[in-house]
Amino acid sequence: MQPTPESPAPQHVPGVATGASSLPDGAARPGAPAASGVGGEPGAAKAALRSALRARRRAVEPGQREAERRGWAAWAGQLAAWALAAAPPGRPACLAAYLPAASEPDPTAAMAQWHAAGLNVLVPLSLPGRRLAWVRWTPELRVARGALAPVPEPVGGEPADPAGIDLVVVPALAVGTDGTRLGQGGGFYDSFLAGRATPTVACVRSDEVLDIVPSEAWDARLDAAWTPEGLRRLSAV
Ligand SMILES: Nc1nc2c(c(=O)[nH]1)N(C=O)[C@@H](CNc1ccc(C(=O)N[C@@H](CCC(=O)O)C(=O)O)cc1)CN2
Ligand SMILES: Nc1ncnc2c1ncn2[C@@H]1O[C@H](COP(=O)(O)OP(=O)(O)OP(=O)(O)O)[C@@H](O)[C@H]1O
């Protein structure tokens, strides 16, 4: 699995920034007080950023979408190696990923490579109370739009214990260079990742790694960004 990713040129879209200067009104800016607590400024900034990022994702042309898909897949081997390094000896490595909605970054070609290489691949099922259950993914797994979340979710399939996950590929709308994640707003992954030491990787488009992402006290910090251009370590310092 030689990495030969396509490198789509970052495109500028009004309202969404690759830096802090053109974030939507209300978004966190350098020097702003650290976001904390419920509602208020970070909540409004997140909502504005989410809608701008969703609009930009919907506008990606099919040709670019396909090039990006190939780009993510080119790094499957590196993620597998990271999961293997994190896994205890004596059992196959296990990666958690997800089933993408129409405009979300698509990790499924990488998931197929991991599965074909004998690694375990899990996908989430949304439960009430912001909880996630996990199911073993195979290319044959039945999927349907979830009852609690507007994304593809497993129908049936083999339940899996998340304690065995060695690396989590996390869906995100954007991630900050400090690891702050902006998700879809359900709060599912914050609950799931709280207290876990497992390595975490946001699967995002190249222009979704932002200098500043508004955050609240419970927001999970991620270790890396997986873009069509490669894997990038994120750091709080
Ligand atoms: N593919 C995927 N699966 C996931 C998540 C996710 O973000 N993506 N989740 C993360 O927690 C959980 C489900 N929670 C979700 C909550 C809200 C929305 C949501 O509002 N989606 C957008 C449309 C997404 C798109 O097509 O780009 C929407 O309805 O506007 C999605 C998932 C578990 N499974
Ligand atoms: N630990 C928590 N304590 C209190 N409220 C929480 C906590 N985690 C999430 N929430 C609630 O969930 C809502 C969504 O959280 P947030 O905006 O961080 O979601 P997200 O990380 O973008 O979503 P997802 O993980 O589903 O993609 C918050 O507005 C808040 O009400």
Side-chain angles (χ1 to χ4, degrees), residues 1-3 5 71-100 104-127 129-143 151-154 156-172 175-181 183 186-204 209 218-227 230-237:
M1 282 179 272
Q2 203 47 22
W72 281 302
W75 306 100
Q78 297 216 354
L79 285 164
W82 192 359
L84 278 165
R91 66 156 174 77
C94 177
L95 294 99
Y98 64 91
L99 299 166
E104 283 186 301
D106 184 353
T108 52
M111 289 158 61
Q113 290 186 40
W114 299 329
H115 174 73
L119 309 189
N120 280 321
V121 182
L122 310 187
V123 291
L125 173 65
S126 305
L127 301 180
R130 296 197 293 261
R131 287 175 308 129
L132 294 175
W134 295 88
V135 171
R136 267 193 77 173
W137 180 82
T138 69
E140 298 78 34
L141 181 68
R142 278 187 60 207
V143 301
V151 290
E153 298 224 306
E158 186 188 325
D161 182 354
I165 296 171
D166 301 306
L167 184 145
V168 188
V169 173
V170 185
V175 70
T177 51
D178 66 351
T180 302
R181 164 179 177 265
F188 289 90
Y189 274 89
D190 295 324
S191 309
F192 174 67
L193 295 174
R196 287 189 70 105
T198 319
T200 50
V201 180
C203 183
V204 287
V209 181
W218 53 78
D219 283 320
R221 290 284 177 99
L222 306 185
D223 298 312
W226 173 24
T227 77
L231 274 176
R232 171 172 171 179
R233 281 270 183 185
L234 305 171
S235 158
V237 286

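When a residue number appears, it is its place in the shown sequence, counting from 1.
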Taking all heavy atoms of [X] and all of [Y], pick out the closest pair and write down the distance.
X: Ala220; Y: Leu193; value: CB-CD1, 3.8 Å
X: Val123; Y: Pro154; value: CG2-CG, 4.0 Å
X: Pro124; Y: Ala97; value: CD-O, 3.2 Å
X: Pro105; Y: Val204; value: CG-CA, 3.9 Å
X: Ala133; Y: Leu127; value: CB-CD1, 3.8 Å
X: Val169; Y: Cys203; value: CG1-CB, 3.8 Å

Quick check for you: to the nearest 0.5 Å, what is the distance between [X] atom [atom1] and [Y] atom [atom2]?
X: Leu95; Y: Trp114; atom1: CG; atom2: CH2; value: 5.0 Å
X: Leu222; Y: Asp178; atom1: CG; atom2: CG; value: 10.0 Å
X: Gln113; Y: Thr108; atom1: CD; atom2: OG1; value: 11.0 Å
X: Leu79; Y: Met111; atom1: CG; atom2: CE; value: 12.5 Å
X: Asp161; Y: Ile165; atom1: CG; atom2: CD1; value: 8.5 Å
X: Ser126; Y: Leu132; atom1: OG; atom2: CG; value: 5.5 Å

(message) Going by ring-ring contact (aromatic ring centres under 6.0 Å, His included), name the residues that satisfy it together with Phe188, two or more places apart in sequence or in a different chain.
(response) none

(message) Please determine whether side chain to side chain contact (heavy atoms under 4.5 Å, CB included) holds for the pair Thr180 and Arg221, giving the CA-CA distance in whole Å, both sets of side-chain angles, and the decisive distance to 0.1 Å.
(response) CA-CA 5 Å; Thr180 302; Arg221 290 284 177 99; 3.3 Å; yes

[X] side chain vs [Y] backbone, donor-acceptor pair below 3.5 Å:
X: Trp75; Y: Gly71; result: yes
X: Arg181; Y: Pro171; result: yes
X: Trp72; Y: Trp226; result: yes
X: Arg91; Y: Gly164; result: yes
X: Asp223; Y: Thr200; result: yes

Could you check whether any side-chain heavy atom of [X] comes within less than 4.5 Å of a side-chain heavy atom of [Y], counting everything from C-beta outward?
X: Pro88; Y: Asp166; value: yes
X: Asp190; Y: Asp219; value: yes
X: Pro107; Y: Tyr98; value: yes
X: Val135; Y: Glu158; value: no
X: Leu122; Y: Pro162; value: no

(message) Please evaluate residues Trp137 and Leu99 with respect to the criterion side chain to side chain contact (heavy atoms under 4.5 Å, CB included), reporting the C-alpha separation (whole Å), side-chain torsions for both, the decisive distance (0.1 Å), and the verdict.
(response) CA-CA 9 Å; Trp137 180 82; Leu99 299 166; 3.8 Å; yes

(request) Kindly assign one of parallel, tilted or perpendicular to the pair Trp134 and Tyr189, based on the angle between their ring planes and the thresholds 30° and 60°. (result) perpendicular

(request) With sequence neighbours excluded, tell me which residues meet side-chain contact (heavy atoms from CB on, under 4.5 Å) with Ser191. (result)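 In terms of side-chain contact (heavy atoms from CB on, under 4.5 Å), with neighbours along the sequence ignored, Ser191 is linked to Arg130.
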
(request) Please name all residues satisfying side-chain contact (heavy atoms from CB on, under 4.5 Å) with Pro92, sequence neighbours left out, ordered by chain then number. (result) Asn120

(request) Take atom CZ of Arg232 as the centre, draw a 6.0 Å sphere, and report whether it contains more than 12 heavy atoms from other residues, nucleotides or ligands. (result)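 Not buried by this count: 12 neighbours or fewer within 6.0 Å.
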
